[in-house]
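Working notes for the structure below.
Quick note on labels: first sequence line is chain A, next is B, and so on, each numbered from 1.
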Amino acid sequence: MSSGDNTVMAEVQRDHLFNLVLKGERADGRAFDEFREITIETRAIDTADGSAMVTLGDTRLLVGIKVQPGEPFPDTPDKGVIIVNIELIPLASPDYEAGPPREGAIEIARVVDRGIRESESIDLTKLCITEGEKVWIIFVDIHVLNNGGNIIDAASMGAIAALLTTTIPAARHDLGEDTPLPVRDIPLAVTTIEFGGEMMLDPSLDEEKIASTSLIVATNTDGSISGMQKTGAEPLTIDQVMRVVGMAQTAASEIRKKFMEV
Amino acid sequence: MSSGDNTVMAEVQRDHLFNLVLKGERADGRAFDEFREITIETRAIDTADGSAMVTLGDTRLLVGIKVQPGEPFPDTPDKGVIIVNIELIPLASPDYEAGPPREGAIEIARVVDRGIRESESIDLTKLCITEGEKVWIIFVDIHVLNNGGNIIDAASMGAIAALLTTTIPAARHDLGEDTPLPVRDIPLAVTTIEFGGEMMLDPSLDEEKIASTSLIVATNTDGSISGMQKTGAEPLTIDQVMRVVGMAQTAASEIRKKFMEV
Amino acid sequence: MSSGDNTVMAEVQRDHLFNLVLKGERADGRAFDEFREITIETRAIDTADGSAMVTLGDTRLLVGIKVQPGEPFPDTPDKGVIIVNIELIPLASPDYEAGPPREGAIEIARVVDRGIRESESIDLTKLCITEGEKVWIIFVDIHVLNNGGNIIDAASMGAIAALLTTTIPAARHDLGEDTPLPVRDIPLAVTTIEFGGEMMLDPSLDEEKIASTSLIVATNTDGSISGMQKTGAEPLTIDQVMRVVGMAQTAASEIRKKFMEV
Amino acid sequence: MSEKPEHFIIDGKRLDGRSRDELRPIKIELSPLDRADGSCYLEWGRNKVMAAVYGPRELHPRHRQNMTGAVVQCRYNMASFSVDERIRPGPSRRSVEISKVIRQAFEHVVFTKFFPKTAIDIYIEVLRADAGTRTAGINAASLALADAGIPMRGLVSACAVGKVDGEIVLDLMKEEDNFGEADVPIAMTADNRITLLQMDGRMTTEEFYTALELAKTGCTTVYELQRQALIEKYGDEYRAEGGSDE
Amino acid sequence: MSEKPEHFIIDGKRLDGRSRDELRPIKIELSPLDRADGSCYLEWGRNKVMAAVYGPRELHPRHRQNMTGAVVQCRYNMASFSVDERIRPGPSRRSVEISKVIRQAFEHVVFTKFFPKTAIDIYIEVLRADAGTRTAGINAASLALADAGIPMRGLVSACAVGKVDGEIVLDLMKEEDNFGEADVPIAMTADNRITLLQMDGRMTTEEFYTALELAKTGCTTVYELQRQALIEKYGDEYRAEGGSDE
Amino acid sequence: MSEKPEHFIIDGKRLDGRSRDELRPIKIELSPLDRADGSCYLEWGRNKVMAAVYGPRELHPRHRQNMTGAVVQCRYNMASFSVDERIRPGPSRRSVEISKVIRQAFEHVVFTKFFPKTAIDIYIEVLRADAGTRTAGINAASLALADAGIPMRGLVSACAVGKVDGEIVLDLMKEEDNFGEADVPIAMTADNRITLLQMDGRMTTEEFYTALELAKTGCTTVYELQRQALIEKYGDEYRAEGGSDE
């Protein structure tokens, strides 16, 4: 979310979108609570232990999972580790630059990470090999190929889709037979932006640029909330927050149906 | 010490302080060999294994000690390790910037480090756990909160004050009972600047900025010297150096009295 | 190779050298297939396990070898490791800057590395200490002192000369007796530049700057090729490449005679 | 790290004796630092944080300047010795994220338009941590901004709410944060508009709503303490223009 | 990593059934990405690469600008999950070198003079690797440049040749690359002028000459596939100005 | 690393046969490098150092320029193979500190005022180390500055003094440095004004004074060798303007 774009073009764009909102419309004709088309192709990359190619409208990204033995954190000696990383590579957008991950990429990775971790979708105690010494480390690497807006929802879908198809490569490391990674839930992050007093799901790139605030809500199959992040400067009221929570729950349960087809 | 400040304001300031010196005065009314007020509050931070909050006039810094088991250096397999680090965080001065330590911070850390190490105040052989494998590593982290000049003397006081109250947390690491860190001496670094032909102790920020050279002398309880560092471009004569050594010894023995009260 | 130098001086220089080439001449009077004077002084630095100081015309560099026990790569558990590194330190040229190695330095190091590795001049299996655990790591550090052009050929000569005089310091690491590093061949990289339709060996700094392309060919005592790298934008025909291969073989066998004298 | 306690709430009292809707003790010291344009030292339970503000001041490099307003910047940092395990100096992914959300908690309330091309820098140093450092840091930074005389729509007040033993409680302490079921740090303006909201853990919608309402009362209490501190320091001067705060 | 096979060529057939002078199957998708000015997705055997081109566009910082032409820049990168062992994100010495030689493979063919002070950025992402990623990347980048409408002297086509079991073969697959005797990646223009040439391994002069000739036929085949892909996408428009390609 | 010797001084002779006030042999070679504006190779006992000077030349980036004089910059670096244990390339905390004190050893003697906005760069490479590399580097740099024609108030001459076996000795060799009681590197102008002074170890005030006086005689000897080297190279030309040296 860039809140600092103050060029004339940005202003014209803002006015245009604002006028549409007043008429209850969005530039691409969607309803305020409507997602763009979603496709999820799992097992896209066979060198990965799990993978998913996601498109969400023009946004396209590839999630690859690598599972390796490694040391546990000192304070959780009997638990595996999940490390989520996102690469906003310059191939994906004229705005991205090469280099170590910046603020925006770090925030996305940490929000996706918390959504998965806090849902307890992955039972980390099942990833312990030898307590205090060796556990499975799950690297979730998100490779953005085309930024068409709302990277975070696409990343969230891709991460859980890739995890659902992940194999623990025990044989490769002489640690027994390969087993599927046990996944207990499908947590999904849904982003809502506030613009012109309206709440809109799944912002396109243009909408994202002009939105003054957005709220990301991760929810689970039972409707519970497992993560939340407000970004952007504009404040929200408690009522607005609760409305967004409801929108996110409804949208997530719709998207979750896609996963039944996977 | 910035020797490159050539603005008009700096020049006016320099002239003003120079005129004072001609009259045997300092801007804050101190004598040339007089320190600003010193306060030392030990055990300031209970998550640290030892700590001290020091104020020296307007200068304020916090020293925290962490003691952890780790590997010895290959050439001293039976000795513990002291690592001194100073953070000139941007909170403490408009001149400090975020980022890895620069030349100035590295120099201060190394001078404080040598003052402690060479005084043999800490018997490093007592910090050996298993020869060649495991020793106690003592991290001395100096966190500057307000730069009012003469960081180095304040850091030196804070480091030894914090060490004096440090506990080796053996129990936390299943290595026996906690014991106090054995400290045998109180080495203190004292900075003297040369300006207008006069030698002055404990430079304030303004004095520090205009001084063309300074000499830091670390001395011990018995008066012996355990470290020295000249900084700044202007040369010193042997006579000047010997005079500074005497001033540093006298000042250090005064300051050392503070430690009896701690 | 800088292909982006577009100043007026560079253009005048280019025209001058181009006119010379039309007459079949080079600025320093050499024939197109003639090297500048080469001197190689081995055992230049006794703290290194092997070393060589090389001059090639004005170019001067020092290669130092350090041999240390370390872990093998996971995919070659029974083989030692060679790591070639080149430091284009700012002392050596007004064009070099301090900092981590850039594109140019990395390319040179990797080309020299491949020339040695692929020639199988060093039998890496003889550098295994304990399979999968401990092998000898050979650090080949190339320190450029004066860049007079054609660093790569000088580095290649220096690397193999230093390796030829290297001792494996087994005694220092309690791993038996010191032995000479077994070297089976003398691979040499030879650089040919294309300029004005002509092929020239051993470019001087000026020639290097104006050349639009160059081809580096590493060859062995039996004439076989063990490495090749085209650099620069201008394309080459298959015929040109084959001519360069021949020139490189002839030149390398001449240079190789120097090594008999070492 | 300590063991997980069997119960967090016994007879309506939490481990440190607080009730469910009670904040830990808060101590505020205004202007402890003289180099900064404004500063505040704040203790919140066992947390100790120092905040300083510099600016409005020139922003380098130039291409980062905004022609139409000040750029608010924030650096949240934990001292290496502020927790049990030593932290390596320098930014971590965690501190980068927290710096961002704190910055955005203030971007709305600061009248940035008054100061084009400048930077307003907020520095927060955590000297001793015990859960809730980001909210403690926001409360201190809010006062440091006021201390620096930066014009604002009002103060920002922050606290966390969470869930332990299945109950919604105010202001998690360390054990509750480490072993509890959810943690929700929130920052609000005096009129209860939310400028920071994060959530970690798992809650139902109803629980979450209860948490938001509890946070509201917590933030109001904090706001009163902040206001008192300013009145004590700046007296009538502050009371007079206090209108900008409500 | 797999074991070294005893033989790479049995009865004239390679491990995957190809003959000595046969390329792996190639699949080309033009313009898969809409943010880039031009893009191409290419599968080459089990390799999967994505290339995108941005430019000509303003180049920052300014001191890197060239007054007399565009600066061609290239970043070749492997996704962390593209090989068996996870790769740490960020540039490696290998990727820095490959980025450089790929850049130089295009510097001659792009009409840089038309666009002073600008940058033409080529990004290549290897999503799945199986030997030959740099040549696959060049072929994709060549099409991405055409797709971006960057004026060029012609397409660049690339393939590797190598030596296994003492024989010169076209287009090494992973096992041949890992355990074979030599690997020679080559890029050429349509008139067989070499813009990239590297060599790794050991060959006699005669073998090397044979390899170059074999690479020529390989590149010609690739060129035809690239041309077909452009005609399919841009039809007559491309055919008409096709002259610039030969 | 070798073992600590039982005695460092036996019958008035040190481990390498020197007396207490004797320097190790010094060899000077002027202008060995042609790319630099001035250079000097110097051997001091078993130390081998190369110094080069570039400048006055334009300083980038611009905000580092000083309007009223040249900026003196220094980079002291040890080759990875210059000591027993390989050193990782790149700056260390030690080399950053030494670079700073060496720079300041020259800031006073160089007539920086003549060259506003420029940089004078001093590069020192330690090729082989055996205690005393910073003083050897200063002596070489001093000559490289003269060789570059940089106007100076005079040469800077350096040597170390130290304490071993309870005695003050001149110019510590490696064993004396590693296992001795104190090490004091000093640099002086020809009129004995001190431009670099560091101290490491432990000494009484009296010992320290003795050390300073011993250093004075050491620096004077070094100065004569430096002067001879310049006269040999530049002959009468140097002798004529020699006044600037004394």
Side-chain angles (χ1 to χ4, degrees), chain A residues 41 43-53 55 57-70 83-101 105 109 137-149 151 158 162 166 169 172-173 204-205, chain E residues 1-2 29 31-41 43 45-55 57-58 60-61 73-91 95-96 99 119 121-130 133 137 140-141 144 148 174:
Chain A
E41 180 205 344
R43 300 188 170 82
I45 298 294
D46 65 357
T47 41
D49 297 313
S51 61
M53 175 78 85
T55 64
D58 287 338
T59 288
R60 183 169 174 173
L61 54 80
L62 177 59
V63 180
I65 313 274
K66 280 285 190 184
V67 183
Q68 289 177 358
I83 294 171
V84 178
N85 185 49
I86 189 159
E87 293 272 303
L88 302 179
I89 49 177
L91 170 133
S93 164
D95 304 328
Y96 293 167
E97 282 170 44
I137 316 279
I138 302 183
F139 290 96
V140 180
D141 284 309
I142 304 165
H143 221 74
V144 179
L145 297 175
N146 201 63
N147 177 15
I151 292 293
T166 292
R172 202 202 302 155
H173 295 96
S204 70
L205 194 66
Chain E
M1 170 166 287
S2 50
E29 184 189 345
S31 314
L33 309 178
D34 79 325
R35 295 306 305 280
D37 296 314
S39 61
C40 175
Y41 173 72
E43 293 187 2
R46 301 172 78 185
N47 291 295
K48 298 182 179 196
V49 301
M50 183 73 85
V53 167
Y54 286 86
R57 62 179 176 181
E58 219 185 327
H60 293 290
Q73 302 186 115
C74 176
R75 179 180 184 266
Y76 161 99
N77 184 50
M78 291 184 87
S80 57
F81 44 78
S82 62
V83 288
D84 285 339
E85 284 287 309
R86 178 173 185 267
I87 298 173
R88 257 168 76 143
S95 71
V96 168
S99 298
D121 285 301
I122 300 170
Y123 299 116
I124 295 171
E125 291 291 323
V126 178
L127 306 179
R128 204 281 186 209
D130 190 77
T133 59
K174 192 176 152 199

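Distance CZ/A/Phe139 to CZ/E/Arg88: 9.5 Å, rounded to 0.5 Å. A/Leu91 CG to E/Leu33 CG: the interatomic distance, rounded to the nearest 0.5 Å, is 5.5 Å. With values rounded to the nearest 0.5 angstrom, A/Asp46 atom CG is found 7.0 Å from E/Lys48 atom NZ. Interatomic distance, CZ of E/Arg86 versus OG1 of A/Thr47, reported as 13.0 Å (0.5 Å rounding). In this structure, the separation between CG on A/Leu62 and CD on E/Glu125 is 10.0 Å, given to the nearest 0.5 Å. With rounding to the nearest 0.5 angstrom, the NZ atom of A/Lys66 is 8.5 Å from the CD1 atom of E/Ile87.
Heavy-atom distances place the side chain of E/Asn77, and not its backbone, under 4.5 Å from chain A. For E/Pro91, no part lies near chain A; criterion is any non-hydrogen pair under 4.5 Å.
Under a 3.5 Å cut-off, the side chain of E/Tyr54 and the backbone N or O of A/Ser93 do form a donor-acceptor pair. Using modelled atom types, one side-chain atom of E/Arg35 and one backbone atom of A/Asn147 make a donor-acceptor pair closer than 3.5 Å.
With a 4.5 Å cut-off on side-chain heavy atoms, A/Glu87 and E/Ser80 do not count as touching. With a 4.5 Å cut-off on side-chain heavy atoms, A/Arg60 and E/Met50 count as touching. Side-chain contact between A/Val63 and E/Phe81 is absent, with no heavy atoms from C-beta onward closer than 4.5 Å.
By the ring pair (Phe, Tyr, Trp, His ring centres under 6.0 Å) test, A/His173 is found to be paired with A/Trp136, residues two or more places apart in sequence or in another chain being considered. Among residues two or more places apart in sequence or in another chain, the side-chain hydrogen bond (donor to acceptor under 3.5 Å, both in side chains) test is passed with E/Thr133 by E/Tyr76.
Interface remark: of the candidates A/Asn85, A/Asp49, A/Ile45, A/Ile45 forms the most heavy-atom pairs closer than 4.5 Å to chain E.
A/Arg172 and E/Asp84 are not joined by a salt bridge, as no carboxylate oxygen comes within less than 4.0 angstrom of a charged side-chain nitrogen.
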